[in-house]
Colleague: 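Once you've had a glance at the structure underneath, I'll fire off some questions.
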Amino acid sequence: MSTEDRLDALERRVRELEDTIAIYQVLASYGPSVDGGAGDAVHQLWTEDCRYDTDTGSGGMSSRDEVATMANNVGGVPPRFAHVINTPIVVVDGDTAVATGHSTTYRRDGERFYPDRVSANRWELERVDGRWRTKLRVNRLLDGSPEARAVLARGLRESLEG
Amino acid sequence: MSTEDRLDALERRVRELEDTIAIYQVLASYGPSVDGGAGDAVHQLWTEDCRYDTDTGSGGMSSRDEVATMANNVGGVPPRFAHVINTPIVVVDGDTAVATGHSTTYRRDGERFYPDRVSANRWELERVDGRWRTKLRVNRLLDGSPEARAVLARGLRESLEG
Amino acid sequence: MSTEDRLDALERRVRELEDTIAIYQVLASYGPSVDGGAGDAVHQLWTEDCRYDTDTGSGGMSSRDEVATMANNVGGVPPRFAHVINTPIVVVDGDTAVATGHSTTYRRDGERFYPDRVSANRWELERVDGRWRTKLRVNRLLDGSPEARAVLARGLRESLEG
C-alpha cells in the first residue's frame, strides 16, 4: 500500500475510535449532569430537537429545555437518586450513531440505596458542530416486557451486522 | 524515524486500541444477548468450543449451544434478571486476550430489583475470523471466597506485568 | 497537508486515545485491587504522594502505604464488600488527567448484597514513569449533599470546556 493509502486508512480508523470514545463520554456525562444538577450542560449533550422517551410516570421529555429542567430539579429535593449508565454497545455510521445498554437508577430511602430501575436503553446520537449529542433516548424497565427486551436485542443485532 | 517506521508504529498502536475497544464491545454485548433473548447472536460472540464456568446452581455451560439456549430462555419466565457487565481490565496478546472485572446480576422480586450476584469474572477471548469471541468465562460470587478474590488479583497482576 | 504533518497529527490523536483507555484501565483496576486483596499492585496504580479523600467513617488515606494496607485488609474479614467503578468522563492535559464518575460499593449481609454506597468521584491522575497513576481520589456519598453534587458538576463542566 502507498504511504498515501496507509495515511488515509489510519485517519479513518482513528476517527472511528475517537467517535466511539466520544460517545462513551456523552453517556458517561448523563449521570453527572443529572446528579450534579448541571442543567446548563444539557445543550452540549443533547440536540436541539431531542426527545427522551421513558416509561416512568413522567412520560419523558420532548424538548431540550425539558431535559435541562429535569437535570436542574431532580436532585433538589428528596428522594435522592443516582443515575449510573453502563458502557454500551456503540455503532457509528458517519455523523449518526446508536448506543445500546443498561442503566441503573438508585433511589435513596432513609439511610439506604435501592436499585429503583434497571433499564434497557437505546441512544440515537448525532454529530452536530463537531460534538456528539443525544437526539433520542429510549428507556424501558427490564421487568420482562417484550418492549424492553426488544430494545436490547435490536441494538445488539445492529452491532453484529456491521 | 522514517515515514515507514512511523506508519508501522501507528498501525500497531491503532490495532491495539481497536482490539481493546472491540473487547469492551464483546463484554457490553453479554447483557443485551441474555436480557434481550438474542440466542441467535451467541455464535458471533462466543467461540465454537467455549465454556462458561460459574458457581451458580446451574453449574455453567460447556458448549456454545448451551449458552445460546440459556440466552433464549432465561428471560422467558419469571423471575426476571438483568445482567450488567462492568468495564474490565483488558490485556491483549496477538489473537488472544483476557478481560477481568465485576458483573452484577439483578433479580426482580415483585416490584423491586435486588443485586442478586456481584461477581468476579475472567473472560478469555480469541480472535476468530476477524472477530473477538469469548472462549472461557469464569464467574465467581464475591462472597469472600479465596477463589473469587484470586480471579481479580490474577487479572490485575497480568495487566501490570505488560 | 504534508505527510509529515499528517503523521504528527495522527501520533497526537493516537496518544490521546491511548491515554484515555489507559485511564479507563487504572479505574477498572481499583475494584480488582481491593476486592482481590492485591495491595502489592497499589504502587503501580497510585503515585507515591497520593491521597484518598472520602467521607466514610475511616476519613480516608493519606499515603500510598495506607491505600495498600486497606487493599490487603478490607476483604480479609466479614462484612464482604465489592467495589464497582463506572466508566468515567476523562479529560487529559499532557501528563495530568481528571476522571469523574460514579462508584458503587456493595455490602454483603447474610446471603444478600446491598448497594451500601453510591458515590461521586473525582480522580486526579499523573503520568509517572510512563504509567498513569492516581494522585488524588475524592469520594462523596450521593445523599443529596451539595459537595457530592459539586464533584460531578465540576468534572462535567471541565470536560465540556475542552
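A note on names: the letters A, B, ... follow the listed sequences, proteins ahead of strands, and every chain is numbered from 1.
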Colleague: Which atom names give the shortest non-hydrogen contact between C:Ala38 and B:Ala153, and what distance separates them?
Modeller: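 What the structure gives for the nearest pair is CB-CB, 4.4 Å.
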Colleague: Measure distances from B:Leu17 to the heavy atoms of chain C and classify the residue's part below 4.5 Å as side chain, backbone, both or neither.
Modeller: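 Side chain of B:Leu17 only, per the 4.5 Å heavy-atom cut-off to chain C.
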Colleague: I want to check something: taking the side chain as every heavy atom from C-beta on, are B:Arg149 and C:Asp35 in contact at a cut-off of under 4.5 Å?
Modeller: no
Colleague: What distance separates B:Leu160 CG from C:Arg131 CZ, expressed to the nearest 0.5 Å?
Modeller: 5.0 Å
Colleague: Is it the backbone or the side chain of C:Thr3 that comes under 4.5 Å from a heavy atom of chain B, or both, or neither?
Modeller: side chain
Colleague: Is it true that, when you exclude B:Glu48 itself, more than 12 heavy atoms of the residues, nucleotides or ligands shown sit nearer than 6.0 Å to its CD?
Modeller: no
Colleague: Please classify the contact between C:Arg13 and chain B as side chain, backbone, both or neither, with a heavy-atom cut-off of under 4.5 Å.
Modeller: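 Neither; nothing under 4.5 Å.
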Colleague: Should B:Val14 and C:Glu18 be marked as a side chain to side chain contact (heavy atoms under 4.5 Å, CB included) after you check the CA-CA gap, both sets of side-chain angles, and the distance that decides it?
Modeller: CA-CA 9 Å; B:Val14 168; C:Glu18 288 171 339; over 6 Å; no
Colleague: Does any backbone or side-chain atom of C:Leu45 lie under 4.5 Å from a heavy atom of chain B? Answer side chain, backbone, both or neither.
Modeller: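 It is the side chain, since no backbone atom gets that close.
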Colleague: Which pair of non-hydrogen atoms, one from B:His102 and one from C:Ala82, has the smallest distance, and what is that distance?
Modeller: CD2-CB, 4.5 Å
Colleague: How long is the straight-line distance from CG of B:Leu152 back to NE2 of C:His83, given to the nearest 0.5 Å?
Modeller: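 Those atoms lie 12.0 Å apart.
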Colleague: Charged N to carboxylate O below 4.0 Å: is that the case for C:Arg112 and B:Asp109?
Modeller: yes
Colleague: Below 4.5 Å, heavy atoms only, C-beta onward: do B:Arg6 and C:Asp8 meet side chain to side chain?
Modeller: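 Answer yes - side chains close enough.
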Colleague: For the side chain to side chain contact (heavy atoms under 4.5 Å, CB included) test, which of C:Ile85, C:Leu27, C:Thr87, C:Val84 pairs with B:Thr87?
Modeller: C:Thr87
Colleague: Please report the closest heavy-atom contact between C:Phe113 and B:Val118, naming both atoms and the distance.
Modeller: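 Smallest heavy-atom distance, with atoms named: CE1-N, 3.4 Å.
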Colleague: Within the supplied structure, the quantity of interest is the number of heavy atoms (other residues, nucleotides, ligands) at a distance under 6.0 Å from B:Asp5 CG; does it exceed 12?
Modeller: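 Yes, enclosed.
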Colleague: Is there a side-chain contact between B:Glu16 and C:Ile21, using heavy atoms and a 4.5 Å cut-off?
Modeller: no
Colleague: Please classify the contact of C:Tyr106 with chain B as side chain, backbone, both or neither, using a heavy-atom distance under 4.5 Å.
Modeller: side chain
Colleague: Could you look at B:Pro115 and say if it's the side chain, the backbone, both or neither that has a heavy atom under 4.5 Å from chain C?
Modeller: both
Colleague: Pick one of side chain, backbone, both or neither for B:Asn86, based on which atoms fall under 4.5 Å of a heavy atom in chain C.
Modeller: side chain
Colleague: Are side-chain heavy atoms of B:Tyr24 and C:Tyr24 found at a separation under 4.5 Å?
Modeller: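 When only atoms from C-beta onward are counted, C:Tyr24 and B:Tyr24 do touch, with a gap below 4.5 Å.
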Colleague: Can you give me the closest heavy-atom contact between C:Arg108 and B:Leu141, atom names plus distance?
Modeller: NH2-CD2, 3.7 Å
Colleague: Heavy atoms only: give me the nearest B:Ile89-C:Gln25 pair and the separation to one decimal.
Modeller: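 Minimum heavy-atom contact is CG2-OE1, 3.3 Å.
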Colleague: Counting only non-hydrogen atoms closer than 4.5 Å, does C:Glu4 touch chain B with its backbone (N, CA, C, O), its side chain (CB onward), both, or neither?
Modeller: both
Colleague: Under a 4.5 Å cutoff for heavy-atom pairs, which residue among C:Pro79, C:Ser29, C:Ala41 has the most contacts with chain B?
Modeller: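 Max contact count across the listed options: C:Ser29.
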Colleague: Let me know if B:Arg154 has heavy atoms under 4.5 Å from chain C in its side chain, its backbone, both or neither.
Modeller: neither
Colleague: Counting only heavy atoms closer than 4.5 Å, note whether B:Val90 contacts chain C via side chain, backbone, both or neither.
Modeller: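 Both parts, heavy atoms under 4.5 Å.
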Colleague: Any idea which of C:Leu10, C:Asp40, C:Thr104 has the most non-hydrogen atom pairs under 4.5 angstrom with chain B?
Modeller: C:Asp40
